[in-house]
Amino acid sequence: MLQAFIFNIFKILFLCLLVVSPGNVFAKKVDQTTDKVNQSLRISNDKGDIDEYKATVAEVLVTKNEALAMQQLSKLLKKYRGTPLEPGLLFRQAELYVRQAKSARFFEFSRSDNNLVTMIPAAMKNATSKGKLTRAVEIYEEIQRRYPHYSELDAVYFNNAFLRQQLSQEKVAEKLYKALLKDFPESILVPDTHLAIAEMFYQQRRYQEALPEYEAIKKYPGARVYPYAIYKGGWNRYQLKDVVGAIHELEFVIQLSQSMSTQENAKLNLKNEALNDLVLFYPEAYQAKNAFAYFKKWAGDEA
């Protein structure tokens, strides 16, 4: 995304020149120039290997833009303190701190490289990703406390809980997720919240508690997380020794994948995952003599 963003900035600048400068010859030169700029800004080669120097240069540019955005937000917050605009501005500020946390994490790795350490912006030399995330959490808490009727309070709860997980504060995260489900039952974030709770329980090996959270997502077949929730629900059943139930879930995942568009299926790629897992599950539930016919049915031409 960063590469595309920077490339588009240069492209717009050169297109502006093209508008005021007639002639196809100039347009051709512009294309050649933009190609060179794009090539120089690429942070990976044709093999996909990352150029650490270029990646650092790109991150420095992003960090400078983040700093400018934060300055502007601070001015707006000072101007609109106590007005209905404040919670929205605070929400954006928290989001920006989260983005800065990603930059801080990047530079945390760069500090160990003597060739790159001098490139780290002054504001990021001692910054930590944990510190930035903690600041974002503090802002979310402020919004919850001061603006209980904020229109995007469900997103505040969700983001706060998600960051708490990253900060290894799972108990607080669980409380926030459950508060979201209780206080905002009509929120578009309900399926994502059930999945977040389920995944947290799964990681903690609380499989019995995770199962109803995965099952709850079945009420939302149009949700983005629906296919993945079915897939992970299958694995959760497997962990509970319900192998037949796990197999049925994976079969349903395959059916879902087959009904999706090519683009959706390529993005999720859960059919192949489910088929691979069925190879593991099948011998624990059924006789081997029926395996060929079974996998021929579910894999089709891929068998």
Exercise for the section: Assign the ring pair Y294 / Y286 to parallel, tilted or perpendicular, where the plane angle (0 to 90°) is split at 30° and 60°. Expected result: tilted
Practice task
In plain terms, say whether E142 and R145 are close enough for a salt bridge, that is, a side-chain N and a carboxylate O under 4.0 Å apart.
Solution key: no
Practice task
Could you point out which residue of E170, E199, E174 forms a salt bridge (charged side-chain N to carboxylate O under 4.0 Å, His left out) with R206?
Solution key: E174
Problem - Heavy-atom pair of closest approach, residues A285 and V243 - result: CB-CG1, 4.0 Å
Practice task
Indicate if V225 and M200 have the same hydrophobic cluster label, given that clusters are the connected sets of ILVMFWY residues with side-chain heavy-atom separations under 4.5 angstrom.
Solution key: no
Practice task
Taking atom CD1 of I188 as the centre, report whether more than 12 heavy atoms of other residues, nucleotides or ligands fall under 6.0 Å from it.
Solution key: no
Problem - Ring-face cation contact, Y202 with K232, 6.0 Å cut, 45° max - result: yes
Practice task
Mind listing the closest non-hydrogen atom pair of P87 and P84 along with its distance?
Solution key: CD-O, 3.3 Å
Exercise for the section: For L278 and I254, run side-chain contact (heavy atoms from CB on, under 4.5 Å): C-alpha distance rounded to whole Å, both residues' side-chain angles, the deciding distance at 0.1 Å, then the answer. Expected result: CA-CA 10 Å; L278 279 176; I254 294 172; 3.7 Å; yes
Exercise for the section: Compare every heavy atom of S257 with every heavy atom of K271, then report the nearest pair and how far apart it is. Expected result: N-OG, 3.4 Å
Problem - Residues that T134 engages under side chain to side chain contact (heavy atoms under 4.5 Å, CB included), provided they are two or more places apart - result: K130, E138, L167
Fill in the blank from the handout: Residues at least two apart in sequence or cross-chain that pass ring-ring contact (aromatic ring centres under 6.0 Å, His included) with Y220, listed by chain then number, are none
Practice task
Quick one: pull up CG in L73 and CD in E66 and give me the separation to the nearest 0.5 Å.
Solution key: 12.0 Å
Problem - Y140 side chain to N159 side chain, donor-acceptor N/O pair below 3.5 angstrom - result: yes
Handout entry: Minimal non-hydrogen separation, A94 against A136, with atom names
Key = O-CB, 3.6 Å
Practice task
Go through the steps to decide whether E249 and Y238 satisfy the test side-chain hydrogen bond (donor to acceptor under 3.5 Å, both in side chains), and finish with yes or no.
Solution key: CA-CA 10 Å; E249 296 286 58; Y238 181 78; over 6 Å; no
Practice task
Kindly determine whether Y282 and Q287 satisfy side-chain hydrogen bond (donor to acceptor under 3.5 Å, both in side chains), including the steps that lead there.
Solution key: CA-CA 8 Å; Y282 183 89; Q287 296 181 4; over 6 Å; no
Problem - Criterion ring-ring contact (aromatic ring centres under 6.0 Å, His included) against F184, the qualifying member of Y177, Y150, Y157 - result: Y157
Practice task
Take K102 and K132 through the test side-chain contact (heavy atoms from CB on, under 4.5 Å) and record every step on the way to the result.
Solution key: CA-CA 9 Å; K102 295 179 181 179; K132 296 293 184 180; over 6 Å; no
Exercise for the section: Provide the full list of salt bridge (charged side-chain N to carboxylate O under 4.0 Å, His left out) pairs with a residue in residues 276-295, sequence neighbours left out, each pair given once. Expected result: none
Practice task
Please collect all side chain to side chain donor-acceptor pair (under 3.5 Å) contacts where either partner lies in residues 75-92, sequence neighbours excluded, each pair once.
Solution key: R81-E86, E86-R146, E86-Y147, R92-E95, R92-E152
Handout entry: Heavy-atom closest contact (L270 atom, Y228 atom, distance)
Key = CD1-N, 3.7 Å
Handout entry: side-chain contact (heavy atoms from CB on, under 4.5 Å) evaluation trace for I139 with R135
Key = CA-CA 6 Å; I139 294 174; R135 185 68 187 100; 3.4 Å; yes
Practice task
Quick one: pull up CG in N160 and CD in E141 and give me the separation to the nearest 0.5 Å.
Solution key: 4.5 Å
Exercise for the section: Looking only at non-hydrogen atoms, find the nearest pair between A161 and A173 and report the distance. Expected result: O-CB, 3.3 Å
Problem - Non-neighbouring partners of F201 that pass ring-ring contact (aromatic ring centres under 6.0 Å, His included), sequence neighbours left out - result: none
Practice task
State plainly whether the residues E251 and K297 are in salt-bridge range, i.e. N to O under 4.0 Å.
Solution key: no
Handout entry: Trace of the side-chain contact (heavy atoms from CB on, under 4.5 Å) decision for H194 with Y214
Key = CA-CA 7 Å; H194 279 299; Y214 285 121; over 6 Å; no
Practice task
Only counting residues at least two apart or in another chain, list the ones meeting side chain to side chain contact (heavy atoms under 4.5 Å, CB included) with V172.
Solution key: R164, Q169, L176
